[in-house]
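Starting from 1, each residue takes its place in the sequence as its number.
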Amino acid sequence: MLEAEDTVDGRALRRWVEFGVEALEQRRAEINSLNVFPVPDGDTGNNLLITLQAAAARIGGPADGALTASDVAEGLARGAFAGARGNSGIILAQALRGVADAVSGLTTVGAADLAAALSNAATLVTGALSAPAKGTIVSVLEAAADGAVRAARQTDATVCDVVAASADAAAEALQRTTTQLDVLAEAGVVDAGGLGLLVLLDCLVEVTTGTRPDRRMVLAGASRPVVEPEIVDDRDDSDQQEYEVMYLVESSDGARIDTLRSALDALGDSVAIVAGESGCWSVHVHCCDPGAAVEAGLAAGALRRIDITCFALESARRGCGDSGTTVVPAYTGAGEESRAVLAVVGGDGAAELFEAEGAQVLRAEEISVPDELLSAIRALPSRDVLVLPNGALSAQDVVAVGARARREGREVMFLPSSSVVQGLASLAVHDPMRATVDDAFAMSEAASCVRWGSLRYANERALTWVGTCEPGDSLGLAGHDVVVIEHDLVTAGASLLDRILAAGGELVTMLVGADAPDGLVEQLADHLDRRHPEIDVVVYQGGQRSDLLQLGVE
């Protein structure tokens, strides 16, 4: 049990996000099962978790005790904006922006400050949505803010009082969501996003009071599993949105963003547009014409990180698996034979990333001979197989396995992913609705657009392109070539990043290995903030043994 906090400082906020990530990891399957609004795509828990993980990656490490509440809140807001996933993720990112703006410049946050921060979060979230609906995460956030404000008005109110009142008000509002939306009443569940928000508020209660509330009785209605609920909707079938479209808009202005919002409102629903730093906006919409949504964005400014998801396809893919990490191959289309993606991956975290995107995974640690890869291909229920070797096999082994699989009647294509980060980029554009050859081309092109590198320690004395390394030296590799030799690992990492970014880039992905020392990622992220402030950074815990850190630049 933790000691109660009289104020919330940077240390407490860091502890809150750590608790939050852990809690969402534990309860994301439950949250996913409740996801019936605005579409029953079963990914609200995933989206909240991914967004909060991105937020956590932008704050300093545990050893950095100098961070203020303002510092941490700003880092969380920036990280969440860059890594927001889905409708719930973009709402969480905007809420964190509201908190960061409200506590800007504050070393610690008191009762009145916290109430003002939650109130500002609710205001910004509501303003970002074209049509905020009652009975959603927005209603729960508004109730939480109202509860905090009421508590802060009391004489001698403490942070503990405000946080507890806010979470209790959110719990009551969550129960009401079932009666506020017909689709929730039909399914007999509370709002998924609202539950996710309450989980995070209860984590803040634990940070400030030392005890996390037991909501099992309050949330009894939320514990019922939901499997493909039938949604009752007054709209015609033609009004049902088929795609989720997200992208970032740069080099724009308020007037053009207003025009974009109007265009997206006409195209679909669940429109959310939130402002980031340096004139960048994050855009989200559900629609039937993703091309038109992208074209509307192009009229508003420069687009990047375009992400289009087909709800029907995602639902079909999840319907073939469970809510955990085991996912069967995606389908090529109704009535057609399924096409599998098989990825060779090392590390628990990296494996989960690929599985979450629908790929079958063969652990690199389990491959000692090419026959084991051939056996994995044979075990798949699909005739068509796209393989992401991710640098785990030699070119000779790849050719040999492919030839043997094709002699057995399998249509196997090995894609040119030489690293895990390239494999992730390749999988991100995988579209099983395309013809196999077209899909393979698009995935190969995505992999080739990622410049990658890695950090590791030298195991022996060796001659490289940049000189001789000694055992224990820190090595930076661009692709498979050593380009940096240093005695200090952080210095090697910073030099490697500068070299890889010399040719430009917008996004750096860091895949953290199992043996990476504490503080490495935070120090490299600080270097990027100083030297390359325009670069977005996403950090994943890969758990691989091959590299201390693997880097990808897009």
Side-chain angles (χ1 to χ4, degrees), residues 57 61 344-347 350 364 388-398 416-426 444 446-554:
V344 184
V345 180
L388 295 168
N390 297 332
L393 296 105
S394 69
Q396 293 86 347
D397 287 342
V398 166
S417 60
S418 299
S419 63
V420 174
V421 287
Q422 285 184 319
L424 287 171
S426 180
S444 299
S448 67
C449 289
V450 176
R451 300 190 303 282
W452 70 280
S454 58
L455 286 178
R456 61 184 65 166
Y457 292 126
N459 294 322
E460 59 186 3
R461 192 172 192 270
L463 180 63
T464 75
W465 289 107
V466 291
T468 302
C469 66
E470 301 291 342
D473 279 347
S474 299
L475 305 181
L477 288 78
H480 298 290
D481 297 324
V482 176
V483 296
V484 175
I485 301 175
E486 295 283 355
H487 295 300
D488 178 69
L489 187 62
V490 175
T491 303
S495 179
L496 177 62
L497 282 168
D498 291 341
R499 287 173 180 266
I500 296 179
L501 289 169
E506 298 177 345
L507 173 69
V508 171
T509 299
M510 297 186 184
L511 194 69
V512 185
D515 298 323
D518 293 340
L520 174 63
V521 170
E522 290 78 11
Q523 292 179 77
L524 293 181
D526 288 343
H527 173 78
L528 287 172
D529 280 342
R530 293 192 304 271
R531 293 290 298 275
H532 308 278
E534 75 284 359
I535 299 294
D536 291 328
V537 181
V538 177
V539 179
Y540 298 112
Q541 296 296 325
Q544 71 275 8
R545 296 287 181 181
S546 56
D547 303 308
L548 299 173
L549 192 69
Q550 195 171 110
L551 306 170
V553 175
E554 301 176 57

Has [X] got a side-chain atom pairing as donor or acceptor with [Y]'s backbone, closer than 3.5 angstrom?
X	Y	value
Asp536	Leu507	no
Ser417	Asn390	yes
Gln422	Ala447	yes
Asp488	Val490	yes

Nearest non-hydrogen partners of [X] and [Y], listed with the distance:
X	Y	result
Leu388	Ser426	CD2-OG, 3.6 Å
Met510	Val537	CE-CG1, 4.2 Å
Gly472	Tyr457	O-CD2, 3.9 Å
Ser495	Val484	OG-CG2, 3.6 Å
Arg461	Glu470	NE-OE2, 2.8 Å
Ile500	Arg451	O-NH2, 3.0 Å

Check whether any side-chain heavy atom of [X] lies under 4.5 Å from a side-chain heavy atom of [Y], and answer yes or no.
X	Y	result
His487	Asp473	yes
Asp547	Val420	no
Leu496	Val483	yes
His527	Asp498	yes
Leu528	Leu501	yes

Exercise. Is the number of heavy atoms from other residues, nucleotides or ligands under 6.0 Å of Asp529 CG greater than 12?
Worked result: yes
For this session: State the OG1-CD1 distance between Thr464 and Ile485, to the nearest 0.5 angstrom.
Result: 3.5 Å
For this session: Run through Val521, Leu511, Leu489 and flag the one making a side chain to side chain contact (heavy atoms under 4.5 Å, CB included) with Leu549.
Result: Val521
